[in-house]
There are 2 protein chains.
Amino acid sequence: MNNKEKLRNVGLRPTKQRMIIAKILLNGVNRHFTAENLQNEINSSGNSMSIATIYNCLKKFRNCGLIKQVESSKETAIFDTNINQHHHFLDEETGELIDIENEEINLFKLPEIPKGYVNSGVEVLIKLRRQI
Amino acid sequence: MNNKEKLRNVGLRPTKQRMIIAKILLNGVNRHFTAENLQNEINSSGNSMSIATIYNCLKKFRNCGLIKQVESSKETAIFDTNINQHHHFLDEETGELIDIENEEINLFKLPEIPKGYVNSGVEVLIKLRRQI
DNA sequence: TTTTTACTTTAAAATCGTTCTAAACTACTT
DNA sequence: AAGTAGTTTAGAACGATTTTAAAGTAAAAA
Ligand SMILES: [Mn+2]
Ligand SMILES: [Mn+2]
Ligand SMILES: [Zn+2]
Ligand SMILES: [Zn+2]
């Protein structure tokens, strides 16, 4: 499926700007990135895009399930092209995230889900410090 | 151990402002809160404090291990008085966090820690949606 | 106890990430 | 082709957090 189809599939118009972003983000190579990271990459690909458009697109892509947003206590929003349920290592010093595939962690015992709610995803974060 | 001792223990001067905050946060009742939540509580206790001081103190308290900061993709930083390793339910709609005690989750299989790093804490987040 | 020193608080300004506004533009429908 | 709804944009606005620099306070030294 090409990028135009991917966008249409989720109900997004394949505008020039969304196609530029899709080309960068939906190429199958998973990554974690910020809005600013993406703008730099757009710039260095010879294109340019308003930061408002980048935020608009990222929000649409996220709400349509094309990307995810990572839970992070950093100031800046971090996005993730890996939309499968998976987990992360976090280098607490640098903020770098490393994917852990879902099968690499086994949750043996889970607590009871509160009444009236359903589990909509489990994320494990393993924080890392440099060995001394 | 009283609050003055708790502050001295971690190398913080027990100033008037830090004692006010300690009285609110270090009373044994665990909670999740923002800087603004805390300022409101300070105000309604008949005191007042500059927002800069509140941020200064929260950062010091966090860096000294008296409180933790939660990994959250919300705009506003969320702090936690529960400093034991534990986990959370997250109501994705409201942002509400509910503690899950460490024993309630059993991680059966863990991935290998990357070379040169040590595990400095595991956090599980269980996202919740309202049942339809 | 007084003096000195380093640390802390504060209001206000600055900064930074993100969202809003409103006008111009573009994709899709008829 | 014309109409309509959705999109992009620069720039303004916003909200959370940090910085500034001056005044205040706690601890250490004398
Ligand atoms: Mn955050
Ligand atoms: Mn943010
Ligand atoms: Zn990831
Ligand atoms: Zn908690």
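Quick note: numbers below take in every heavy atom, side chains included, and nothing from hydrogens, waters or symmetry partners. In what follows, chains carry the letters A, B, and so on, assigned in the order in which the sequence lines appear, proteins first and then strands, with residues in each chain numbered from 1.
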DNA chain C-proximal residues of residues 49-77 of chain A, any heavy atom under 4.0 Å: A:Ala52, A:Tyr55, A:Lys59, A:Glu75, A:Thr76, A:Ala77
Looking only at the side chains, is there a donor atom on one of [X] and [Y] sitting less than 3.5 Å from an acceptor on the other?
| X | Y | answer |
| --- | --- | --- |
| B:His88 | B:Asp80 | yes |
| B:Asp99 | B:His32 | yes |
| A:Ser73 | B:Glu71 | yes |

Salt bridge (Lys or Arg N to Asp or Glu O under 4.0 Å): which pairs involve [range], sequence neighbours left out?
| range | value |
| --- | --- |
| residues 23-48 of chain B | B:Arg31-B:Glu41 |
| residues 55-70 of chain B | none |
| residues 43-55 of chain B | none |
| residues 116-126 of chain B | A:Lys127-B:Glu123 |

Integer-rounded Å distance: C:dT9 C1' and B:Met19 CE: 17 Å
Residues within residues 5-18 of chain A bordering DNA chain D, heavy-atom distance below 4.0 Å: A:Arg13, A:Thr15, A:Gln17, A:Arg18
Close residues, residues 39-47 of chain B, relative to DNA chain D [heavy-atom separation under 4.0 Å]: none
5' precedence on DNA chain D between B:Ile78 and A:Ser48 (nearest-nucleotide basis): A:Ser48
Residue pairs passing the side chain to side chain donor-acceptor pair (under 3.5 Å) test where at least one lies in residues 44-55 of chain A, sequence neighbours excluded: A:Ser45-A:Asn47
Residues 105-119 of chain B, side-chain donor-acceptor partners within the protein, below 3.5 Å, at least two apart:
{"from": "B:Lys109", "atom 1": "NZ", "to": "A:Glu103", "atom 2": "O", "distance (Å)": "2.9"}
{"from": "B:Tyr117", "atom 1": "OH", "to": "A:Asp91", "atom 2": "OD2", "distance (Å)": "2.8"}
{"from": "B:Asn119", "atom 1": "OD1", "to": "B:Gly121", "atom 2": "N", "distance (Å)": "2.7"}

Return all side-chain donor-acceptor pairs below 3.5 angstrom for residues 13-21 of chain A, not counting sequence neighbours, or 'none' if the list is empty.
{"from": "A:Thr15", "atom 1": "OG1", "to": "A:Arg18", "atom 2": "N", "distance (Å)": "3.2"}
{"from": "A:Arg18", "atom 1": "NH1", "to": "A:Arg13", "atom 2": "O", "distance (Å)": "3.0"}

Connected via hydrophobic side-chain network under 4.5 Å: B:Val122 and A:Val70: no
Overall bend - the helix from C:dT1-D:dA30 to C:dT30-D:dA1, comparing terminal axes fitted on five pairs, nearest 10 degrees: 30°
Distance in Å, A:Leu97 CG paired with A:Leu125 CG, rounded so as to fall on 0.5 Å steps: 7.5 Å
All ring-ring contact (aromatic ring centres under 6.0 Å, His included) counterparts of A:Phe79, not counting sequence neighbours: A:Phe33
